[in-house]
Amino acid sequence: MNNTKIAYLIINKLFFYFLLIFIVVSFSSCLNYHQEVTLYPDGSGKMQIDYWMKFVNEESEKLVDNLGIFNPDSIKSGFQSVYSRVENVNVYRDTTDFSTHAVIDISFTHIDSLNRIKVFSEYKFSFVEKIGGQIVFSQFIPPIATGFGIDASTFTVSYKYTIPGDILSHNAHQVSGKSLTWQYNLSEIGGGKAISVTFQPYKLKETPVWIYLLSGAVLLLVIFFLLKKRKS
């Protein structure tokens, strides 16, 4: 390999290195991710993802725009699959703090199937039925590297799950009714975190006996009047 090619490779490596630095430091220490999921007893459900960030200047915003993470078409193609359906994508600017948001609404046939989608490939969703019908659900939060001296405590992620049953155990930070919430800044995630909950799913309510009795009485009454009308 001649000196010209070696110099070219070094320049390319330096360019991508400084480009990465520029991307990271251009954000005003604000990168957030919120995932909210409603689970159903059969493992299906719906999910809303909201991620947002603020930019220091127009140059950094244009650079991120080119990456496509706030492009509705790119977002939809990334989350759409045979296992999930993208119901809605909304990208907007919040004028109160000048942050840019991407909100994605997704429905899925079974939360385990999301593991087959590239964007969720490291999340390790698990929905397992145990003896007695109890469900053990878990999700892995993969590590996220910031680097270059960025304060990871200013970056936050949160996950909220609404559970279809009686909650038996969990490792959530907050509980409100049937909703569990986990929240971390990136410095707390480290090598990754696992969120989990064990619950007894609700069973479909059986039809009360009085409904059958009432239906039978109405049917007999109808037959009685029909027979009476025919005789007359």
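Keep in mind that this is a model prediction, so the values were computed, not measured.
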Polar contact flag, side-chain donor to acceptor under 3.5 angstrom, Gln134-Thr198: no
Lys124/Glu122 ion pair, N-O < 4.0 Å: no
Closest approach of Pro142 to Ile189 (non-hydrogen atoms, all atoms of both residues): O-CG2, 3.8 Å
Linked, directly or transitively: Leu168 and Ile163 (ILVMFWY side chains, under 4.5 Å): no
Single hit among Arg85, Lys46, Gln48 for side-chain hydrogen bond (donor to acceptor under 3.5 Å, both in side chains) with Asp105: Gln48
From OH (Tyr33) to CD1 (Ile141), nearest 0.5 Å: 9.5 Å
Minimum-distance pair of heavy atoms, taken over all atoms of Lys193 and Phe140: O-CD1, 3.3 Å
Same apolar cluster: Leu114 and Val119, side chain cutoff 4.5 Å: yes
Co-membership, hydrophobic cluster, residues Val136 and Leu39, 4.5 Å side-chain: no
Minimal non-hydrogen separation, Gln139 against Tyr123, with atom names: NE2-CD2, 3.1 Å
Side-chain touch Ile195/Tyr159, heavy atoms, less than 4.5 angstrom: yes
CD-NZ distance between Glu87 and Lys76, expressed to the nearest 0.5 angstrom: 9.0 Å
From Asn171 atom CG to Leu180 atom CG, the distance as rounded to the nearest 0.5 Å: 9.0 Å
Ring centre gap for Tyr83 and His110 strictly below 6.0 Å: no
Euclidean distance, Ile135 CD1 relative to Ser126 OG, rounded to 0.5 Å: 10.0 Å
Check against side-chain contact (heavy atoms from CB on, under 4.5 Å), Trp52 and Val91: CA-CA 9 Å; Trp52 66 97; Val91 176; over 6 Å; no
Phe79 to Ile117 - nearest heavy-atom pair and separation: O-CD1, 4.1 Å
Gln80 side chain to Ser77 backbone, donor-acceptor under 3.5 Å: no
Tyr51-Gln35 side chain donor-acceptor pair, cut-off 3.5 Å: no
Ser179-Ser176 side chain donor-acceptor pair, cut-off 3.5 Å: no
Any donor-acceptor N or O pair under 3.5 Å, side chains Asn32, Thr156: yes
Atom pair NE2 (His34) and CD (Gln183), whose distance is rounded to the nearest 0.5 Å: 9.0 Å
Intermediate values then yes/no, side-chain contact (heavy atoms from CB on, under 4.5 Å), Ile111 and Phe137: CA-CA 10 Å; Ile111 197 161; Phe137 169 76; 3.7 Å; yes
Which atom of Gly132 lies closest to which atom of Gln200, heavy atoms considered: O-NE2, 3.1 Å
Verify same cluster id: Tyr92, Ile104 (apolar side-chain graph, 4.5 Å): no
Ring centroid separation Tyr184 to His173 under 6.0 Å: yes
Smallest separation among heavy atoms of Arg93 and Ser99, with atom names: CD-O, 3.2 Å
Same cluster (ILVMFWY, side-chain, under 4.5 Å), Ile75 and Val103: no
Phe125 ring center near Phe120 ring center (under 6.0 Å): yes
From Ile106 atom CD1 to Ser81 atom OG, the distance as rounded to the nearest 0.5 Å: 9.0 Å
